[in-house]
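Below you'll find the structure, written out as structure tokens, and then a few comments.
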Amino acid sequence: MMLWRTLTLTAILLGFFTYANAAEITPYGTFNYKWSNDENSSGVATNKLEDNGSKIGIDIDDIGVEGQTVIGFAKLEVGVDTDDSGSNTFDSRLAYVGLSANNLGDVSVGRQSHPFTDNVATTASIFEVYGGNSSFSYGTRSSNSIAYSKSIGIISVDALGVVDGASGKDGVDSYEWSASANIVDGVSLSGGVAADEVNDIYYYGVGMTTAISDDLTVASSYTMKDAATDLTAWEVAGSFKMLSVGYGDKEGTGAFTTVGLSHDLSDDLRLYAETEMVDNEGSAVDTQSWSIGTKFSF
């Protein structure tokens with residue numbers, strides 16, 4: 001029995017290292033921690049030291065051989081609860097496998113990010129803690145999804161469909177797409193649509209990023225939620241060296257003003273400090289919050 005276990009373990013290890021030699025595996029991750037002073041909807045502030053989105057992951061790419069027309073790729077990314085404050089220390093973020101077929105594009109299945117959110121709705125989301133609140137989108141990441149991406153000249157097209165089998169709807173439960181292009185040097189434009197077929201809600205938007213100089217960049221987005229009552233949101237943010245400033249207005253919620261400072265001590269280590277003032281609509285109390293933190297990426 002011991003000999004059989006030894007042979008089985010040896011076979012597994014040989015298989016892993018054989019595959020590792022046939023593929024390129026790239027690990028990456030971020031340790032992000034902050035000290036915040038956030039006001040709630042009643043205007044009461046709370047101080048807290050906590051994780052701010054730490055994560056680890058690996059990218060796997062088939063190296064391929066000359067003349068090979070189809071190659072594979074995969075990604076596994078988990079959020080890390082460094083405080084161990086929840087039921088899961090590791091929370092699944094992304095997990096998918098796909099095929100890349102020369103000029104036909106990439107197709108992948110699994111748990112994946114939403115292209116409308118990534119490429120349009122969060123265009124002006126440049127801060128570590130705050131900002132990015134003045135936009136409408138369907139979701140951030142979804143399981144049970146199939147994605148497609150392809151570059152056509154200067155245009156990159158990304159699409160995603162979700163079929164979760166839990167909504168009672170026959171077929172695709174939601175879908176979205178985005179198209180992005182570097183229209184001139186330093187200026188990129190994106191647009192897209194997201195559809196929640198189950199609830200009959202649709203999202204539309206455009207985003208733009210302009211690199212005015214090596215030190216100055218301005219980004220903006222405009223999104224609309226088409227439901228029983230149509231709602232719009234817009235946001236603009238700019239960064240100049242260490243300073244970042246943003247302002248946005250989300251119909252039905254309020255206006256957001258964000259200011260941040262950040263400094264890279266090295267290629268991997270960043271220090272940041274941010275504050276956000278929220279002018280809430282209606283009878284809700286206006287709030288102000290601040291955070292300082294450190295972020296190490298590899």
**From T257 atom OG1 to D279 atom CG, the distance as rounded to the nearest 0.5 Å** =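 The CG atom of D279 is 8.0 Å from OG1 of T257, to the nearest 0.5 Å.
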**Reported CD1-to-CZ distance for the pair I71 and F73, which is rounded to 0.5 angstrom** =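 Separation between the atoms: 8.5 Å.
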Distance alone, cut at 3.5 Å: any donor-acceptor contact between the side chains of [X] and [Y]?
X: S100; Y: D106; result: yes
X: E276; Y: T258; result: yes
X: S174; Y: D196; result: no
X: Y130; Y: D38; result: yes
X: D118; Y: S113; result: yes

Quick one, [X] and [Y] - any side-chain contact, counting heavy atoms below 4.5 Å?
X: W177; Y: V193; result: yes
X: I212; Y: V218; result: yes
X: T46; Y: N40; result: no
X: L76; Y: L94; result: no

**Request:** Mind running side chain to side chain contact (heavy atoms under 4.5 Å, CB included) on T30 and S54 for me, showing each step along the way?
**Result:** CA-CA 5 Å; T30 298; S54 299; 5.8 Å; no
**Prompt:** What do the steps show when you test V278 against T287 for side chain to side chain contact (heavy atoms under 4.5 Å, CB included), and what is the final call?
**Reply:** CA-CA 5 Å; V278 183; T287 62; 3.5 Å; yes
**Message:** One thing to verify: whether R270 and E128 come together as a salt bridge, which I'm taking to mean a side-chain N less than 4.0 angstrom from a carboxylate O.
**Reply:**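 Yes, this pair counts.
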**Request:** For the pair N144 and V163, evaluate side chain to side chain contact (heavy atoms under 4.5 Å, CB included) and give the outcome as yes or no after the intermediate values.
**Result:** CA-CA 6 Å; N144 317 114; V163 185; 5.6 Å; no
Angle class for the [X]/[Y] ring planes (parallel below 30°, perpendicular above 60°, tilted otherwise)?
X: W290; Y: W35; answer: perpendicular
X: W234; Y: Y247; answer: tilted
X: Y202; Y: Y204; answer: parallel

**Prompt:** With a cut-off of 6.0 Å (strictly less than), are more than 12 heavy atoms of other residues, nucleotides or ligands near CG of D230?
**Reply:**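 Enclosed: over 12 neighbouring heavy atoms sit under 6.0 Å from CG of D230.
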**Item:** Flag if over 12 foreign heavy atoms under 6.0 Å of CG, N47
**Value:**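 Yes, enclosed.
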**Message:** Taking K34's backbone N and O only, do any of them form a donor-acceptor pair with S291's side chain (distance below 3.5 Å, no angle check)?
**Reply:**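 Judged by distance alone, no pair lies under 3.5 Å.
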**Request:** Look only at the side chain of E235 and the backbone of G132, and say whether a donor-acceptor pair between them is shorter than 3.5 Å.
**Result:**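 Checking the backbone N and O of G132 against the side chain of E235, a donor-acceptor pair under 3.5 Å is found.
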**Item:** K48: salt bridge (charged side-chain N to carboxylate O under 4.0 Å, His left out) partners, not counting sequence neighbours
**Value:**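 K48: salt bridge (charged side-chain N to carboxylate O under 4.0 Å, His left out) contacts with E50.
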**Message:** K250: which residues meet the salt bridge (charged side-chain N to carboxylate O under 4.0 Å, His left out) condition with it, sequence neighbours left out?
**Reply:**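 Counting only residues at least two positions away or on another chain, K250 forms no salt bridge (charged side-chain N to carboxylate O under 4.0 Å, His left out).
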**Asked** Which one of N32, T275, I292, N52 satisfies the side-chain contact (heavy atoms from CB on, under 4.5 Å) criterion with V129?
**Response**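 The single option meeting the side-chain contact (heavy atoms from CB on, under 4.5 Å) with V129 is N52.
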